[in-house]
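As structure tokens, the structure follows; a few thoughts come after it.
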Amino acid sequence: MLECVPLLDPSCRHKVKCCFSFQMLSTPVRVRFAPSPTGYLHIGGLRTALYCYLFARRTGGRFILRIEDTDQSRLVEDAEEDIVASLKWAGFSVDESPEQGGPHAPYRQSQRGALYRAHASTLIDRGHAYYAFDSPESIRLLREHGQAYDAAHRMQMQNSLVLPRHNVEARLANGDAYTVRLHVPEDTTICFEDCIKGTVKIPSNSLNDQVLVKSDGMPTYHLANVVDDHLMGISHVIRGDEWLPSTPKHVLLYRALGWQIPVMAHLPLILSPSGGKLSKRSAQRLGIPVDVRDYRTAGYEPEALLNFLALLGWNPGTDKEVFSLAELEETFSLQRVGTSPGLFDLEKLKWLNGQHLSRMQPSEVLQRARPALEAAGIAPDEAYATEVIRLVKNRMHRASDLAELFSYFFADPITYDAAGIRKRWKPDSPSLVLRYADRLARLAPFDETSLEAELRTLAKTAGVGGGRLIHPVRLAVSGTTAGPGLFAMLATLGRDSVIRRLQAAAQALA
RNA sequence: GCCGCGUUCGUCUAGGGGUCUAGGACGCCGGCCUUUCACGCCGGUAACACGGGUUCAAAUCCCGUACGCGGUACCA
């Protein structure tokens, strides 16, 4: 058995159990987020980025963005742009990236081809990789027979392991298409320490001879990621659990190249509420946005989304649930990342979004609500809008509520809630509401206290309970039965607006 | 199929041999506050997948089973 790779550091959940030499990590912390621009940034990708970012910030390390665009056929033109924009929206500061550069530029794998080819030939020279000339057709056939390109079958194939040397050279000189494959050792066990999962052991015979360099000359993820992580001095590889099964291949590459293996940390996956993978289709059916940009348009605040994502797989070990990004940066640790996958719970996100909103300054909430207000054609006065927000902040779940649920603060209601009318609008309502309007014309000061006193007096005079007036007035003024305290609302709306609305309702609902 | 990882209330989770008659949060259900609706507060509902061990003692350790998820590409 290949001995276990001992490198682990104290920041990990699992301490070394089976390894003989414990090596404290003394190199500086450098963490990369390495998405592939084959689509817009996914919610799961954002969580990986978040954990990478938090770990880097918490440890005083560097957070690096690397674009893994080695699959030319699946490239999406504006994906990289979206990834960068999404990280920016999230509020992450990136230390090195394709845009800003850095000491290990370039940060786009498509621009690092020479590096991969050089290391591929080193691997070949050392006998850890080989040339393969098999046609796609023969590989398809192999798989159809339920076989893999592995130790048990590679000698039946067309590669430099079986072909005479002169034949291989001739093919290469001739420009024949070829791939470079990893020569996986037979009958051994590959073992490594995962920071979150602990010791992982895999029989080498269950691995195939992974393609390292594709016939188009591009490296596969496996080669590129190992070469780049080493060359870029990455200390901790923090990525999704879907990579755990291929990590043994990476371990083999590190050893073959004589490199130290970074600390490996595989994060549990995010699952759809229905149980399966949070795929685009399954998520959309459940009303869950998948791409980060969709959260933005759905009106979720980045702080809330990040808070939610942080808690999905990590916990602070205290009862605190609401965190700002800065607080997460202070609190996060890899030790407290869990091992089991979590289901996405949209309800909790909504709650968190409301929590963050209600903790913001009114002026900040206004900034967040701006796009929705604009979309609704509302161009409010700053001071007035801030006043409104002060009033309704606690009952907002999204910033866009201001333009929707509370649009009546910015325009007279044009419809009245039907159920509300049935329940609250009585035959005497029009006259009562009109009488109140009359009294309001002379009311001074036009504030919460006197507004209430005036209403109570009128109710008494008319020989009815306060509710007989309160509810119709609310309905008349806002068109709905829900909202902030009536008198504060009237005071904010202002005399002219209130009187106008009362009169309009009395007429419309006569 | 094979390989790997996982399994505590519906969901996110705490817990790591005795303090667990299992704690917190979301949701849900009551109540208080409020002649509205929220917020807030108080209370309630609800979980250690199953079977074997080990131990004086197991949610916690070990083995098996089941289930879930991931991987098994010239995709990442």
Side-chain angles (χ1 to χ4, degrees), chain A residues 34-39 45 68-71 73-74 109 132 134-136 139-140 143 146 148-150 177-181 194 196-198 200-208 210-222 224-225 239-248 266 268-269 271-273 275-277 308 311-322 336 338-352 354-355 358 392-397 401 405 420 423-424 459 465-471 473-475 478 480-486 489:
Chain A
S36 149
T38 51
E68 311 229 320
D69 56 347
T70 53
D71 186 349
S73 65
R74 291 204 307 153
Q109 291 186 327
D134 310 275
S135 65
I139 288 167
R140 193 182 59 80
R143 253 205 302 277
Y149 207 123
D150 57 12
Y178 69 89
T179 61
V180 175
R181 284 183 180 266
D194 184 85
I196 291 165
K197 298 297 163 66
V200 178
K201 292 178 187 163
I202 292 179
S204 68
N205 290 354
S206 72
L207 264 28
N208 66 358
Q210 184 66 53
V211 167
L212 301 176
V213 179
K214 299 181 269 191
S215 55
D216 66 358
M218 279 287 193
T220 56
Y221 170 85
H222 306 282
N225 127 280
R239 69 208 333 180
D241 229 356
E242 71 269 26
W243 293 111
L244 194 63
S246 53
T247 303
H266 288 92
L269 261 21
L271 268 26
S272 156
K277 193 175 176 177
F308 171 73
L311 257 20
L312 192 54
W314 169 87
N315 79 83
T318 65
D319 282 350
K320 189 172 163 69
E321 299 256 9
V322 182
R336 299 204 64 90
T339 54
S340 51
L343 307 194
F344 194 100
D345 180 10
L346 198 61
E347 290 307 315
K348 188 142 187 178
L349 204 213
K350 287 178 182 169
W351 173 74
L352 239 16
Q355 290 294 316
S358 71
V392 303
K393 201 158 66 98
N394 282 348
R395 53 203 92 207
M396 290 174 66
H397 286 100
D401 286 347
L405 255 38
K423 191 170 178 195
R424 306 294 194 186
R468 199 62 176 241
L469 217 32
I470 289 175
H471 297 300
V473 168
R474 172 185 297 284
L475 198 52
S478 70
T480 86
T481 56
L486 179 66
M489 183 172 114

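A:D194 and A:H266 share a donor-acceptor pair across their side chains, judged by distance under 3.5 Å alone.
If you check every strand for non-hydrogen atoms under 4.0 Å, A:D69 touches nothing. Nucleic acid contact class of A:G483 (heavy atoms, under 4.0 Å, all strands): base. Within the 4.0 angstrom heavy-atom criterion, base atoms lie near A:G465. Counting non-hydrogen atoms under 4.0 angstrom, A:R239 reaches nothing in the nucleic acid. Here A:N208 lies in heavy-atom contact (under 4.0 Å) with sugar-phosphate atoms only. Heavy atoms of A:E68 sit under 4.0 angstrom from primed sugar atoms or phosphate atoms, though from no base atom. Looking at heavy-atom distances under 4.0 Å, A:Q109 makes no contact with the nucleic acid at all. Nucleic acid contact for A:I202: sugar-phosphate only, since backbone atoms but no base atoms lie under 4.0 Å from a heavy atom of the residue. Among the heavy atoms of the strands, none lies under 4.0 Å from A:S73. Using a 4.0 Å heavy-atom criterion, one finds that A:G313 contacts the sugar-phosphate atoms exclusively.
With hydrogens and angles ignored, no donor-acceptor pair closer than 3.5 Å exists between the side chain of A:T179 and the base of B:C74. Counting distance only, with no hydrogens placed and no angle test, the side-chain atoms of A:R74 and the base atoms of B:C75 include a donor-acceptor pair under 3.5 Å.
The phosphate of B:A14 has OP1 or OP2 within less than 4.0 Å of a side-chain N or O from A:N315. OP1 or OP2 of B:C74 lies within a sub-4.0 Å distance of a side-chain N or O belonging to A:R143. Residue A:T70 has no polar side-chain atom (N or O) positioned under 4.0 Å from OP1 or OP2 of B:C75. An OP1 or OP2 oxygen of B:C74 is reached within less than 4.0 angstrom by a side-chain nitrogen or oxygen of A:R181.
Formation of a donor-acceptor pair under 3.5 Å by the A:K320 side chain with backbone atoms of A:V322 is found in this model. In this structure, the side chain of A:D69 engages the main chain of A:Q109 through a donor-acceptor pair within 3.5 Å.
When each of A:D319 and A:P484 is assigned the nucleotide of RNA chain B bearing its nearest heavy atom, the one mapping closer to the 5' terminus is A:D319.
B:G40 is paired with B:C32 under the criterion used here, namely a Watson-Crick or G-U wobble arrangement in which both key atom distances are under 3.5 Å. Pair check for B:C69 finds B:G4; Watson-Crick or G-U wobble, both atom distances under 3.5 Å. For B:A14, there is no paired base (Watson-Crick or G-U wobble, both distances below 3.5 Å). Nucleotide B:U55: unpaired (no Watson-Crick or G-U wobble partner with both distances less than 3.5 Å).
The A:T220 side chain lies nearest to B:A76 when the options are B:A76, B:U7, B:G4. Relative to the side chain of A:Q355, the nucleotides B:A73, B:C39, B:G6 differ in distance, and B:C39 lies closest. The side chain of A:K214 has B:C75 as its nearest neighbour among B:C26, B:C75, B:C39.
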